[in-house]
Amino acid sequence: MTNLSDHQLLDLYPKLSSDFFAVSADILAPKLLGKILVKLEAAGVLAGQITEVEAYTGFNDPADHGYRGRSQRNQSLFLEAGHLYVHRIHRYHCLDIVSDTEGFPGSVLIRSMEPFVGIETMQTRRGKSDLAALLTGPGKICQAFAIDTTFDGASICQSNSQIFLLDTPDIPDSKITRSPRIGISVAKDKLLRYYLSNSRFLSR
DNA sequence: AGCTAGATCTACT
DNA sequence: GTAGATCTAGCTA
């Protein structure tokens with residue numbers, strides 16, 4: 001896969017459309033594993049395969065940023081499915097895919113990926129060369145892909161979207177592990193983190 | 001207007 | 001395993 005050209009990759013799989021994302025976050029999360037995140041930049045293409053995600057289930061979930069209702073920071077969580085929610089945490093940014101329906105703040109946090117295309121750019125931005133250190137954490141992904149709050153509220157389902165997902169075959173449940181989410185202070189017991197069991201591209 | 005906590009990461013020991 | 005960097009939304013007053 002590492003020798004695949006940008007052109008081949010983009011022709012190989014169709015872009016995921018908004019109906020794919022319009023389900024509850026806990027359903028969407030495992031379906032995002034194995035999908036390929038693509039960002040088109042003037043200098044070239046960046047792409048990676050999603051290996052680890054977390055679901056945030058809206059008004060049902062005290063750990064969800066939209067749990068207490070709409071605010072300036074979280075308003076894109078209330079958009080219809082297939083938009084991005086990007087927020088800052090400490091020095092870094094985190095990237096969520098908005099799920100569910102308009103007005104319900106469910107989303108899936110992209111926690112880790114395996115780098116596929118644009119690896120040199122990612123290495124430069126991250127200041128690291130080890131592939132396993134490039135995209136194994138939500139802040140690392142946003143740094144490598146140069147995703148900041150200017151992408152908050154952007155659609156990933158338009159024909160002119162700069163960021164979108166490619167529809168690769170689903171991963172069977174037998175290759176997916178569930179665990180508690182990482183780094184949160186409430187609702188720690190919920191098993192809403194999902195990852196590819198045998199991947200070496202995972203956080204922690 | 002000031003204070004605090006946070007869906008993180010790195011560099012130490 | 002833990003301290004410190006770093007910054008902003010959201011809260012209290």
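First the proteins, then the strands, lettered A, B, ... as listed; each starts at 1. Every heavy atom of this structure was used, including side-chain atoms; hydrogens, water molecules and symmetry mates were not.
Within the 4.0 angstrom heavy-atom criterion, no nucleotide atom of any strand lies near A:K188. Here A:H65 lies in heavy-atom contact (under 4.0 Å) with a base. Among the heavy atoms of the strands, none lies under 4.0 Å from A:R68.
Taken to the nearest 0.5 Å, the CD atom of A:E80 stands 12.0 Å off from the CZ atom of A:F21.
Map A:R88 and A:G139 each onto its nearest nucleotide of DNA chain B; the residue landing nearer the 5' end is A:R88.
Listed nucleotides: C:dT8, B:dT10, B:dA7. Nearest to the side chain of A:Y85: B:dA7. You'll find that the side chain of A:H90 is closest to C:dT6, out of C:dT6, B:dA7, C:dA9. Relative to the side chain of A:S71, the nucleotides B:dT8, C:dG10, B:dC9 differ in distance, and C:dG10 lies closest. Listed nucleotides: B:dA11, C:dA9, B:dT8. Nearest to the side chain of A:K128: B:dA11. For A:R126, the side-chain atoms get nearest to B:dC9 when compared with the rest of B:dC9, C:dA9, B:dT8. Ranking B:dG6, B:dC9, C:dG10 by closeness to the A:Q72 side chain, first place goes to C:dG10.
The phosphate of B:dA7 (OP1 or OP2) has no side-chain N or O of A:K190 nearer than 4.0 angstrom. Proximity of A:R91 to the phosphate of B:dC9: no side-chain N or O atom is located under 4.0 Å from OP1 or OP2. The shortest distance between the side-chain N/O atoms of A:R204 and the OP1/OP2 oxygens of B:dC9 is not below 4.0 Å. Considering only side-chain N and O atoms, A:S185 lies nowhere under 4.0 angstrom from the phosphate OP1 or OP2 of B:dA5. Between A:R111 and B:dT8 there is a side-chain polar atom (N or O) within less than 4.0 angstrom of OP1 or OP2.
Across all strands shown, nothing is found opposite B:dA7 as a Watson-Crick or G-U wobble partner with both distances under 3.5 Å.
We find that CD of A:Q143 is positioned 11 Å from C1' of B:dT10, with the value rounded to whole Å. In this structure, A:Y92 atom OH and B:dT8 atom C1' are separated by 7 Å, rounded to whole Å. Rounded to an integer number of Å, the gap from CG of A:N74 to P of B:dA7 is 12 Å.
Among all heavy-atom pairs drawn from A:A25 and A:D100, the shortest one is N-OD2, 3.5 Å.
The side-chain contact (heavy atoms from CB on, under 4.5 Å) with A:Y85 is formed by just one residue from the set A:L109, A:D96, A:L95, A:L79; it is A:D96. With respect to A:P138, the side-chain contact (heavy atoms from CB on, under 4.5 Å) criterion is satisfied by exactly one of A:E52, A:H93, A:R111, A:E54: A:R111.
The aromatic ring centroids of A:F104 and A:F78 lie 6.0 Å or more from each other.
For C:dA9, its base never sits under 3.5 Å from the side chain of A:H87 at any donor and acceptor pair.
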